[in-house]
Amino acid sequence: MAKRHSRNKYDVVFALFSLVLGMLMGWLAYDLGGSGVVGAIIANSGLWIFVSALLAYYSQSGLGAALNAFLYFAGVVLAYYTHFALAGGDIALGTFIRPLIFAAIGALLGFITWHAGAKEWLGAICAAVPVSLLIAEGYPIYHSRSMSLAFDIICAIVLYILLCNGKVQRLMALPFIIIFVVALVYFDAFARIFGGWI
């Protein structure tokens, strides 16, 4: 019983941490967005995907991962628009619809990412999803030489190493990463889902 109570307490603390971290990053995204390399990286959705994937992967359960990812993205949206309103911006109710859809997609991404810890093909496919999203965002680096896009590629490599359990699973994940990236880039899916939401 004490063990379950301790685990529940950990889950609540981790969820609150996810929310507060999201709020901090949303506030900084508005504050620093467009100002130098650091501002470009913080305002870049690639960093948010990377952080949410880590929060999800280290959650206690799949549902916990979905909740933590949702709270993280909700925190980003809440803090960003609160800062925007305090700066004199006009916010309509419809303004929140797309960001909330973004947060819901983030929850799904969190649920999938948590299952990267599974064995064999399931883990490989789930690990490939966030890695592919980061590569799809960062691929224009070959002609833009943007530091924020280079950061996306670095985050993708880090996730690839962390989420894939061993050499075999990394090899199993590679074809899925290639397929997902080609699909995301060819159909411009990344930009349609994630681009320009704020």
Side-chain angles (χ1 to χ4, degrees), residues 9-60 63-114 129-131 133-138 140-141 144 146-159 162 190-198:
K9 186 177 179 181
Y10 172 82
D11 289 344
V12 170
V13 170
F14 199 75
L16 288 173
F17 171 76
S18 301
L19 178 63
V20 171
L21 180 62
M23 292 175 72
L24 175 63
M25 292 186 72
W27 192 271
L28 290 174
Y30 185 88
D31 237 7
L32 302 176
S35 59
V37 175
V38 175
I41 289 173
I42 289 176
N44 185 5
S45 56
L47 176 62
W48 305 337
I49 292 169
F50 175 71
V51 172
S52 69
L54 291 179
L55 290 172
Y57 186 68
Y58 290 107
S59 296
Q60 292 289 311
L63 289 177
L67 176 64
N68 293 333
F70 178 81
L71 288 173
Y72 170 75
F73 283 115
V76 171
V77 172
L78 179 66
Y80 183 92
Y81 282 109
T82 299
H83 200 331
F84 178 74
L86 291 174
D90 186 26
I91 299 177
L93 184 61
T95 309
F96 286 99
I97 295 175
R98 193 171 178 195
L100 287 176
I101 293 171
F102 181 80
I105 292 170
L108 177 61
L109 178 63
F111 183 77
I112 292 170
T113 303
W114 185 81
V129 173
V131 173
L133 287 170
L134 287 168
I135 294 172
E137 172 154 346
I141 185 69
S144 70
S146 163
M147 288 300 293
S148 62
L149 295 182
F151 184 78
D152 290 339
I153 299 300
I154 292 169
C155 288
I157 294 168
V158 171
L159 276 188
L162 287 177
F190 190 94
R192 288 170 193 247
I193 296 170
F194 296 102
W197 68 279
I198 56 172

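Residues Ala29 and Trp48 share a closest heavy-atom pair of CB-CZ2, 3.8 Å. Residues Glu137 and Ser45 share a closest heavy-atom pair of OE1-OG, 2.9 Å. Across every non-hydrogen atom of Ala65 and Ser59, the tightest pair is CA-OG, 3.5 Å. The two residues Pro140 and Ala136 make their nearest non-hydrogen contact at CD-O, 4.2 Å. The minimum heavy-atom distance between Pro130 and Ala53, with the atom names listed, is CB-CB, 4.2 Å. When all heavy atoms of Ala69 and Gly110 are compared, the closest pair comes out as CB-CA, 3.9 Å.
In this structure, the side chains of Leu162 and Leu54 come closer than 4.5 Å at one or more pairs of heavy atoms. Using a 4.5 Å heavy-atom threshold, the side chains of Asp152 and Phe50 count as separate. Using a 4.5 Å cut-off on side-chain heavy atoms (C-beta onward), Val129 and Leu109 make contact. No side-chain heavy atom of Asn44 sits under 4.5 Å from any side-chain heavy atom of Phe151.
Annotation: the span from Leu16 atom CG to Leu21 atom CG amounts to 12.5 Å, rounded to 0.5 Å. Atom OH of Tyr72 sits about 15.0 Å away from atom CG of Leu67, to the nearest 0.5 Å. Atom CH2 in Trp27 sits 14.5 Å away from atom CD1 in Ile42 (nearest 0.5 Å). Atom CG in Leu63 sits 6.0 Å away from atom CZ in Phe111 (nearest 0.5 Å). Once rounded to the nearest 0.5 Å, the distance linking CG of Leu71 with CG of Asn68 reads 6.5 Å. Atoms CD1 and CG, on Ile41 and Leu32 in that order, are 11.5 Å from each other to the nearest 0.5 Å.
For Leu24, the CG atom is densely surrounded, since the number of other residues' heavy atoms within 6.0 Å is greater than 12.
Of the candidates Phe73, Tyr30, Phe102, Tyr30 is the only one forming a ring pair (Phe, Tyr, Trp, His ring centres under 6.0 Å) with Tyr80. The only option from Val131, Ile49, Ile154, Leu133 that meets the side chain to side chain contact (heavy atoms under 4.5 Å, CB included) definition with Leu159 turns out to be Val131.
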